[in-house]
Colleague: 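Supplied in C-alpha cells, the structure appears directly below.
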Amino acid sequence: MHTFYITTPIYYVNDKPHIGHAYTSLACDTVARFYRLLGYQVRFVTGTDEHGQKIEKAALKAQKNPQSFVDEVAETFIDLAKKLDLSHDDFIRTTQKRHKVAAQHLWQNMMANGFIYKDQYSGWYATRDECFYSEDELIGGKAPTGAEVEWVSEESYFFKLSAFTQPLLDFYRKNPEAIQPASRYNEVVKFIESGLKDLSISRNSVAWGIQVPNDNQHVMYVWVDALSNYLTALNYPENDMAENAFWQNVNHVVGKDILRFHSVFWPSFLMAANIPLPKKVFAHGWWTVDGEKMSKSLGNAINPITLIEKYSVDALRYYMLKSLNFGSDGDFSETRLVSTINSDLANAFGNLCQRVIKFALKNYDGKITKPIKLLDSDKDFLNSFQKIVNNLPDYLINYRLQKICEELWQVIYNANAYVDQKKPWDLFKTDPQQCQDVLWVLCELLRRLGILLQPLLPEASKKLLSSLGTEINARDITALQTTKKQYALQEIQPLFMRI
Ligand code: MSP
C-alpha cells in the first residue's frame, strides 16, 4: 500500500489562533483526505510549538509559569483542530516527554557525527522570529522581517551548517520538486549558493526549552526542538527513519515565512544525523486583511472559530482553498466569503442537490431505477469524473487545490445546466419514465460528486451521500467505477444557507 505523511507547522502558543493558522491546517487536512480517498495509508500530524524565548516572555507577561501558560494556550489550538474538523492522526506538543526524547536523540546523533561544537555567540536575536541575524542582515536596526532585535552574547553550541552548503545544493539540483512552488525553490537555492554560516543552536540565557544532552546550562535553540517534532510523530528514535514507510513520503507544508528553517536547517540537521531527507516542502502564501499583515498590534487578526460558528467549517475551507492558488498571497474578506457561499455553495451546489433529491422524493417516493439504456451523452457526462480522477494525483503532488475546486465546480455547473435543459418538472407530466431516467443520471452524478467532494466539504458531502443511501464503505474512489442500480433516497438536510 502507498503511504503518505503530511505535516503542518507546529503553532506557537504565544497567542490565540487566527485564520493564517487555520489555512495551513485546512489545506493539509484536505490533501490528507484526498490521499486517503485515493487509497493511501496516510499520517497527518499537527501540533504546538511550546518552548523558546517567545513563549517564555509571553508567559512572563501573562504572569503565569510557562508550563501552565502553554497548557492553557495549547488547549485553544487543540480546540481549533476540533472545530476545523481536522482528520489528524496525532497532535504533538513539544512539552511532551516523547518529544524531548526524540529531540535529544537527534541532537546526540548530530553531536556523535561531529557536527556540533561549543563556542561563543555574539549577534542579534529576534524573539518574534526566534531567529539569529548577523549585523549585515539588519535593515534600519531591525530584522529583515521587521521584528525587533536584541544583542546576544553568550556561550553557545554551534551546528556546522557551513558543511552542508554543497550537499544541500547537490540534493536540490537532483530533486527540483523537493521545494515548491518553483519560485521558492529558486530563492532557496540562491540563498544556499551564497554560502551557509554555522548556526547557533543553543541558548544559555533562556530557561524554557529542552535541555541540551549532558549540559544543564543550555537549552536547545527552539527551531532544533520544533523541527524534530516531525520525527517524534513517527516514534523516533524507536523507529528507524531509513526504513519507515511514512518518512519515505513526507511532505512538510509551511508558510513562506518559515521556508528557510525547513529547507536549509532541517535537511542539514537530518543529513548530520544520517536520516533521509523529506520528499517535499511546500510553502504557501500569506493572508492579509485589507492589504495589511494580520497582527496583534494592528488588532486585525481574524478568529477562525467565529467564522466557523457563523458559516460552517466547510464554507471556510472551500473559500480559502478556492480563492488562492496555493503558494500565492491573498486578501481575506468576509464579504467575499459570503458571496462565495451564496454563489458556489448555496446556489450552485446546495441547490442542485436539493432540487434533484426533493423532486425525486416528491414524485417517485425517492425510488429511482437505472435506465435500461443510457444515452451516449449521459455516459459522457458521468465519465467526466474519470478525467478528474486521472488528474488528481498530479494535482495533489503539485498542491493545485484551487484547480481541483475549479474542475469539480465545472461539473456542478454542467449538472445545473443539464437540469435546466432536461426540465424534469415538465418531463414528468409527459413522460414519467424518461423523467426517472434523467433523475437517475443526476443521482449518479451527485453520488460521484459527493464522493469526490469529501475532502473539500466533509460535512456537506456526508449529508449528501447519506441522503443518496450511499453506505460508508462505498464512499472511496473505487465506488466511482460502479453504478448504482436503484436509489432509495432520504430527505436531505440543508447543505448551505444563502446569507
Ligand atoms: N512555530 C513555528 C513553526 C515551527 S514548525 C517546526 C511557527 N509558528 S506560527 O504559529 O508562527 O506559524 C505557523 C504557521 O502559520 C506558519 O506556516 C505561518 O506561515 C502560518 N501563518 C501565520 N500567519 C499567516 C498568515 N497571515 N497567512 C497564512 N499563513 C500564516 O512559525
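Residue numbers count from 1 along this sequence. Both counts, for ligands and for their atoms, begin at 1 and track the order of listing.
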Colleague: Under 4.0 Å from a heavy atom of Asp257: give me the atoms of ligand 1 that qualify, with their elements.
Modeller: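 It comes down to these atoms of ligand 1: 18 (C), 19 (O).
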Colleague: Under 6.0 Å from the six-membered ring centre of Phe77 and within 45° of its axis: does the NZ or CZ of Arg93 meet both?
Modeller: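 Checked: cation-pi criterion not met.
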Colleague: Please list, in number order, the atoms of ligand 1 under 4.0 Å from a heavy atom of Ala226.
Modeller: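 What qualifies from ligand 1 is 6 (C).
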Colleague: Report yes if some N/O of Trp287 lies less than 3.5 Å from some N/O of ligand 1; otherwise report no.
Modeller: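 Yes, there is a polar N/O contact under 3.5 Å.
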Colleague: Please determine whether a side-chain nitrogen of the Lys or Arg among Asp79 and Lys83 lies less than 4.0 Å from a carboxylate oxygen of the Asp or Glu.
Modeller: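 Yes, this pair counts.
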Colleague: Taking the six-membered ring of Phe191 as reference, does the NZ or CZ atom of Arg260 fall below 6.0 Å from its centre and within a 45° cone about the axis?
Modeller: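 Yes - Arg260 lies over the ring of Phe191, closer than 6.0 Å to its centre and within 45° of its axis.
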Colleague: Using a 4.0 Å cut-off to any heavy atom of His284, which atoms of ligand 1 qualify?
Modeller: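 Atoms satisfying the 4.0 Å criterion: 28 (C), 29 (N).
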Colleague: Salt bridge or not between Lys462 and Asp85? Use side-chain N to carboxylate O under 4.0 Å.
Modeller: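 Salt bridge: no.
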Colleague: By number and element, which atoms of ligand 1 are closer than 4.0 Å to a non-hydrogen atom of Met294?
Modeller: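 Per the distance check, 26 (N).
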Colleague: Please state which part of Phe261 comes within less than 4.0 Å of ligand 1, counting heavy atoms only: side chain, backbone, both or neither.
Modeller: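 It is neither part, as no heavy atom is under 4.0 Å.
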Colleague: At a 4.0 Å threshold, what atoms of ligand 1 neighbour a non-hydrogen atom of Asp49?
Modeller: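 Within the 4.0 Å cut-off of Asp49, ligand 1 contributes 1 (N), 2 (C), 4 (C).
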Colleague: Which of the atoms of ligand 1 are close to Gly285, meaning less than 4.0 Å from one of its heavy atoms?
Modeller: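 Checking each atom against Gly285, I get 28 (C).
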Colleague: What do you reckon, does Gly255 have a nitrogen or oxygen under 3.5 Å from a nitrogen or oxygen of ligand 1?
Modeller: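 Gly255 vs ligand 1: N/O contact under 3.5 Å present.
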Colleague: Which pair of non-hydrogen atoms, one from Phe159 and one from Ser268, has the smallest distance, and what is that distance?
Modeller: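 Closest approach of Phe159 to Ser268: CZ-O, 3.6 Å.
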Colleague: Which ligand 1 atoms, with their elements, are less than 4.0 angstrom from a heavy-atom of Tyr230?
Modeller: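 So the answer, numbered in order with elements, is 5 (S), 6 (C).
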Colleague: How far is atom 10 (O) of ligand 1 from its nearest protein heavy atom, and which residue and atom name does that atom have?
Modeller: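 Residue, atom and distance for the closest contact: Tyr12 N, 3.2 Å.
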Colleague: Heavy atoms, side chains only, cut-off 4.5 Å: are Lys118 and Phe158 in contact?
Modeller: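 Heavy-atom side-chain distance check fails, nothing below 4.5 Å.
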Colleague: Below 4.0 angstrom, N of the basic side chain to O of the carboxylate: do Glu187 and Arg184 qualify?
Modeller: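 Arg184 and Glu187: salt-bridged.
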Colleague: For the 3.5 Å polar cut-off, considering only N or O atoms, please tell me whether Val254 and ligand 1 meet it.
Modeller: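 No; every N/O pair is 3.5 Å or more apart.
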